[in-house]
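Let me begin by presenting the structure, written as structure tokens, before commenting on it.
Just the heavy atoms: all of them, side chains too, but no hydrogens, waters or symmetry mates, feed the values below.
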Amino acid sequence: MTSHSRNTSSIAYLLLCLFITSATAHSFIRQFTDGDLNTNLQQEVGVEPIRNLDVGHYLQGNKEISSRDYKVSASNAVKGLRDRPPSSYSLKMESFNTLLKSTYTEKYASRPFSVGGYNWTLVVFPNGNKKDGGSGYLSLYVAIDNSTLVAAQQEIYADLRFYIFNKNERKYFTIQDTDVWKFSVFKTMWGFSQVLSIDTFKDPINGYLYDGDHCEFGVDVTIPSLYEKSELFTVTENFQNPRFTWTIRGFSTLLKDTYLSDVFTIGGRSWNIQVNPSGRATGEGKALSMYLNLNVNEIFRPYEKIYVRAKLRVLNQRNLNNVERPLDIWYNGPGYGAEYSWGYPEFISLSDLRDVSKGFVVNDVLMVQVEMEAISSTKYFPS
């Protein structure tokens with residue numbers, strides 16, 4: 001009986017020891033797994049920590065958008081310098097070298113800022129976005145908060161201009177694309193993977209990293225709206241009846257300063273030929289002046305312009321050479337100063353007109369002509 005009791009106690013003691021050992025081992029394994037093991041694995045094989053779920057959702061599950069997926073190429077990027085600072089957001093850093101040296105800081109994202117009713121974030125990759133071919137370069141992007149997109153299929157088109165301050169120049173280096181960027185829930189981040197090489201950016205001589213490790217980035221986000229008003233400019237060059245001839249009888253008896261032909265219509269517009277028998281301006285007293293007038297009853301829209309290419313002629317009635325002068329001009333509406341008349345104050349000398357042998361005035365008849373070669377028209381929408 002005593003022997004059986006001792007055996008039973010021994011077995012119970014062994015079971016208790018096994019339970020304690022198991023619990024201790026379980027606690028040890030859990031502590032190692034949750035802490036030291038994770039650290040050791042990072043050090044040994046470079047395992048990255050789990051990213052913040054909110055940030056991951058904001059950047060579409062950390063799906064870095066490749067500019068190559070869109071349309072950026074060397075020919076699309078426009079670089080330059082400008083005096084004015086960014087208008088949408090500025091990001092100044094006073095410890096940039098810390099980010100450059102950090103093993104685990106892939107990018108820095110600014111707080112959200114609002115443009116056009118949408119929230120945006122400026123994203124800087126200090127050592128380049130390697131997933132977008134940016135290794136060895138400074139990469140700059142803009143991300144849209146897709147929660148501000150009204151509909152899942154909504155697309156937002158935006159112009160982006162990125163800034164980096166250059167202290168040497170006291171100006172901003174800028175880079176932008178010639179086309180707009182299309183943001184959606186499927187494409188939430190756009191930008192440039194190769195803005196400046198890291199070596200260029202880090203060298204204090206170049207002025208981008210100054211006062212130790214200070215720097216400034218920025219961005220302009222512009223959401224262009226579709227036009228609501230437009231116009232269509234057209235030039236007509238072939239007319240069924242392009243010429244108008246005015247026969248002036250009793251030329252020598254014309255005593256008034258100005259005479260106008262009958263109204264004629266070519267190219268959908270009404271016109272008059274104007275002659276000044278004794279000349280005007282520089283031709284006064286020595287030459288015939290001749291002009292092509294847009295009829296005063298023609299209705300001009302504000303700021304409308306009419307392009308005209310034509311030839312004015314004094315016809316020779318003896319089948320000799322006509323006197324011909326070209327017109328290549330614009331008739332302007334009220335918004336541009338209202339110019340309704342174009343021509344020549346010295347079209348043909350009075351002495352040539354009076355010389356009967358020249359054949360311009362025969363039986364006291366003078367014949368003038370205009371030939372229209374091109375007339376423009378403009379349609380405005382809405383009318």
Side-chain angles (χ1 to χ4, degrees), residues 48-72 76-78 84-96 98-99 102 104-134 137-165 172 174-196 215-226:
E48 298 178 357
I50 298 174
R51 290 174 172 79
N52 183 286
L53 293 179
D54 292 336
V55 174
H57 175 70
Y58 177 64
L59 296 179
Q60 286 296 293
N62 201 44
K63 183 192 295 181
E64 306 298 357
I65 304 300
S66 171
S67 58
R68 295 186 299 276
D69 293 341
Y70 188 38
K71 42 89 186 123
V72 176
N76 289 93
V78 178
R84 291 185 60 82
S87 61
S88 296
Y89 201 79
S90 173
L91 169 61
K92 297 180 180 179
M93 293 185 168
E94 296 183 348
S95 304
F96 192 76
T98 302
L99 298 183
S102 174
Y104 305 113
T105 303
E106 182 185 17
K107 60 181 176 288
Y108 181 93
S110 73
R111 66 174 178 176
F113 57 92
S114 178
V115 174
Y118 303 95
N119 289 334
W120 310 83
T121 300
L122 175 60
V123 184
V124 180
F125 287 78
N127 289 294
N129 183 4
K130 299 175 178 60
K131 299 176 182 178
D132 194 17
Y137 289 84
L138 180 75
S139 303
L140 295 176
Y141 296 83
V142 163
I144 189 172
D145 181 353
N146 59 23
S147 66
T148 61
L149 297 174
V150 177
Q153 300 301 319
Q154 185 178 7
E155 295 177 340
I156 303 300
Y157 292 87
D159 284 310
L160 305 178
R161 179 191 287 123
F162 295 93
Y163 292 72
I164 304 177
F165 183 66
Y172 290 86
T174 64
I175 182 170
Q176 63 189 99
D177 195 77
T178 56
D179 204 351
V180 294
W181 307 79
K182 184 171 68 175
F183 289 83
S184 69
V185 293
F186 304 107
K187 297 287 188 180
T188 60
M189 190 168 75
W190 290 117
F192 293 94
S193 61
Q194 300 182 3
V195 178
L196 286 174
C215 59
E216 180 184 354
F217 306 102
V219 67
D220 288 344
V221 179
T222 305
I223 302 177
S225 59
L226 294 178

[X] and [Y]: which non-hydrogen atoms are nearest, and at how many Å?
X      : Y      : result
Lys107 : Val123 : CD-CG1, 3.7 Å
Trp120 : Ala158 : CH2-CB, 4.2 Å
Gly218 : Pro86  : CA-CG, 3.8 Å
Asn119 : Pro112 : CB-CB, 4.3 Å
Phe192 : Ala77  : CE2-CB, 4.0 Å
Gln176 : Arg161 : OE1-NE, 2.9 Å

Glu155, CD: over 12 other non-hydrogen atoms inside 6.0 angstrom: yes
Parallel, tilted or perpendicular: rings of Phe183 and Trp190 (30°, 60°):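 Trp190 and Phe183: perpendicular rings.
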Going from [atom1] on [X] to [atom2] on [Y], what distance comes out if it is rounded to the nearest 0.5 angstrom?
X      : Y      : atom1 : atom2 : result
Asn76  : Asp179 : CG    : CG    : 7.5 Å
Ser139 : Asn129 : OG    : CG    : 5.5 Å
Thr174 : Leu160 : OG1   : CG    : 12.5 Å
Thr148 : Tyr118 : OG1   : OH    : 7.0 Å
Leu91  : Cys215 : CG    : SG    : 7.5 Å
Phe125 : Leu140 : CZ    : CG    : 10.0 Å

Residues forming a side-chain contact (heavy atoms from CB on, under 4.5 Å) with Gln194, sequence neighbours excluded: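 Once residues adjacent in sequence are excluded, the partners of Gln194 under the side-chain contact (heavy atoms from CB on, under 4.5 Å) criterion are Tyr137.
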Partner residues of Ser102 under the side-chain contact (heavy atoms from CB on, under 4.5 Å) criterion, sequence neighbours left out: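 Here the qualifying residues are Thr105.
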Decide yes or no for [X] and [Y]: does some side-chain heavy atom of the first lie under 4.5 Å from some side-chain heavy atom of the second?
X      : Y      : answer
Val142 : Trp181 : no
Met93  : Leu99  : yes
Tyr163 : Glu216 : no
Tyr141 : Asp132 : yes
Thr121 : Tyr89  : no
Leu138 : Val124 : yes

Short side-chain donor-acceptor distance under 3.5 Å, Asp145 and Ser147: yes
Steps toward ring-ring contact (aromatic ring centres under 6.0 Å, His included) verdict (Phe96, Phe217): CA-CA 11 Å; Phe96 192 76; Phe217 306 102; 5.7 Å; yes
Main-chain N/O of Val221 paired with Ser88 side-chain donor or acceptor, under 3.5 Å: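 Yes, Ser88 side chain to Val221 backbone: donor-acceptor pair under 3.5 Å.
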